[in-house]
Amino acid sequence: MCVRYTLHKTDAALGAISRALGEPLEVPDWAPRYNITLTDFAPVVARSGAAAAVRLMRWGLVPENERANPRPRLLANARAETVASLPAFRRAAAGRRCLVPANGFYEWLSRGTAKLPYLFTLRGEEPFALAGIWDPASDGLPETYCLLTTAPNEVMAPVHDRMPVILTAETMPRWIGDQPLAPGELVALTRPIDPGLMESRPLGRYVSNSRNQGPACLDGPDAPREGEFNFG
DNA sequence: CCAGACGTTGTT
DNA sequence: GTCTGG
DNA sequence: CCAGACGTTGTT
DNA sequence: GTCTGG
């Protein structure tokens, strides 16, 4: 499950997407955040008609049967293997595929009882896009989005058995769109990214609390924490 | 993922 | 609201 | 036709 | 211990 990511270099991430699409994108009024999680609003690049545009959407799709619920269950992820056929995702997968700009994402390694956070990025801090689908606003809900997951690659596998679908400059323009994908194209686009393009490193526990939203989320395990004394 | 709650009825 | 299973 | 579901992950 | 909200 991918339930946390960071978008702290928004200009760079949107710039990379803009170049990949060959279309201009406006940077939204949005402060950098290092710990985006379910229910947060974040920039999403989606097509509305011909043009791609950036909109702030809320993370967490709400299936139809939950729409009347004042506290609906939110869907953070959709499996790439099943997204095209499941009722909750099918429509969005066919006609509302979006790009979710990111600079990195987090996963937790379960070691015994402990959960150790790791940061996953592209080499050289290359910005990227996560593959998403989105639902329009309705029933008093804002526009919402959801991230696709796929099998882990070699970088991911030691930490976690699923990973988000990461799109490159080559795959971004193929993924985004409001028309159904050709058969096989969805499969091709949601394959695990080349592990040679990725890197990971362990982090301190600060990021684990989703209330923490600042740059200290990227601190390593040995970084001093606020509110603690350093001895020696 | 973590943090925080974990409950109902009748009444004001 | 809409699809699926019975 | 109606009833019931509509989702993922982790963990064991 | 487990579920829910964020």
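So that the names make sense, note that chain A is the first sequence line, chain B the second, and so on, each numbered from 1.
- Counting non-hydrogen atoms under 4.0 angstrom, F89(A) reaches the backbone sugars and phosphates but no base.
- Contact annotation: K115(A) does not reach the phosphate of dA3(B) (side-chain N/O to OP1 or OP2, under 4.0 Å).
- Whole-Å rounding puts the Y5(A) OH to dC2(B) P distance at 19 Å.
- Nearest heavy-atom pair across N77(A) and C146(A) is C-SG, 3.5 Å.
- Within the structure, every side-chain polar atom (N or O) of R79(A) is placed at least 4.0 Å from both OP1 and OP2 of dT8(D).
- Between the CD atom of Q213(A) and the P atom of dC1(B) there is a distance of 18 Å, rounded to whole Å.
- Listed nucleotides dT9(D), dT8(D), dC6(D) differ in distance to R162(A); the shortest reach to its side chain belongs to dT9(D).
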Paired and unpaired positions of DNA chain B as dot-bracket, Watson-Crick or G-U wobble under 3.5 Å, | denoting a partner strand: ||||||......
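- Judged purely by atom type and a 3.5 angstrom limit, D139(A) has no side-chain atom pairing as donor or acceptor with the backbone of L141(A).
- Comparing the C1' positions of dC3(E) and dG7(D) gives an interatomic distance of 16 Å, to the nearest angstrom.
- Taking a 6.0 Å sphere around CZ of R123(A), one finds it holds more than 12 heavy atoms contributed by other residues, nucleotides or ligands.
- Y206(A) has its OH atom 13 Å from the P atom of dA3(B), to the nearest Å.
- The CG atom of D135(A) sits 12 Å away from the C1' atom of dC6(D) (whole-angstrom rounding).
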Protein proximity profile, nucleotides 1-6 of chain E - base contact B, sugar-phosphate-only contact S, no contact -, cut-off 4.0 Å on heavy atoms: ---SSB
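- Of all nucleotides listed (dG7(D), dT11(D), dA3(B)), dA3(B) comes nearest to the side chain of R211(A).
- Regarding contacts with the backbone of dT11(D), a side-chain N or O of S110(A) is found under 4.0 angstrom from either OP1 or OP2.
- A salt bridge between R55(A) and E26(A) is absent, with no side-chain N of the basic residue lying under 4.0 Å from a carboxylate O of the acidic one.
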Steps toward side chain to side chain contact (heavy atoms under 4.5 Å, CB included) verdict (C2(A), Y106(A)): CA-CA 7 Å; C2(A) 178; Y106(A) 308 105; over 6 Å; no
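- The nearest whole Å value for the distance from the CE atom in M1(A) to the P atom in dT9(D) is 7 Å.
- Spacing between atom CZ of R111(A) and atom P of dT11(D) amounts to 14 Å, rounded to whole angstrom units.
- In the set dT8(D), dT11(D), dG7(D), the nucleotide with an atom closest to the side chain of A88(A) is dG7(D).
- Of the charged side-chain nitrogens involved, none lies within less than 4.0 Å of a carboxylate oxygen, so that R58(A) and D40(A) do not count as a salt-bridged pair.
- Crowding of R174(A) atom CZ: a count of heavy atoms from other residues, nucleotides or ligands under 6.0 Å exceeding 12.
- Nearest nucleotide to the N209(A) side chain, out of dG7(D), dA3(B), dT11(D): dA3(B).
- Residue-level contact check: N65(A) touches the bases, meaning some heavy atom is under 4.0 Å from a base atom.
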Candidate pair W59(A) and T144(A), rule side chain to side chain donor-acceptor pair (under 3.5 Å), full reasoning: CA-CA 6 Å; W59(A) 191 359; T144(A) 55; over 6 Å; no
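- Taking the charged nitrogens against the carboxylate oxygens, K9(A) and E125(A) do have a contact shorter than 4.0 Å, which makes a salt bridge.
- Summarising the geometry, the separation between CG on L203(A) and P on dC1(B) is reported as 15 Å, rounded to the nearest angstrom.
- Rounded to an integer number of Å, the gap from R91(A) CZ to dG7(D) C1' is 17 Å.
- Comparing dT12(B) with dC2(D), their C1' atoms sit 44 Å apart, to the nearest whole Å.
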Steps toward side chain to side chain contact (heavy atoms under 4.5 Å, CB included) verdict (W30(A), V54(A)): CA-CA 11 Å; W30(A) 191 81; V54(A) 184; over 6 Å; no
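- Of the side-chain N and O atoms in R205(A), none sit less than 4.0 angstrom from OP1 or OP2 of dC1(B).
- For the C1' atoms, the distance from dT8(B) to dC1(D) is 39 Å, rounded to whole Å.
- Atom C1' of dT9(B) sits at a distance of 27 Å from the matching atom of dG1(E), rounded to the whole Å.
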Stepwise side chain to side chain donor-acceptor pair (under 3.5 Å) test for R162(A) and T149(A): CA-CA 6 Å; R162(A) 296 295 291 175; T149(A) 62; 3.1 Å; yes
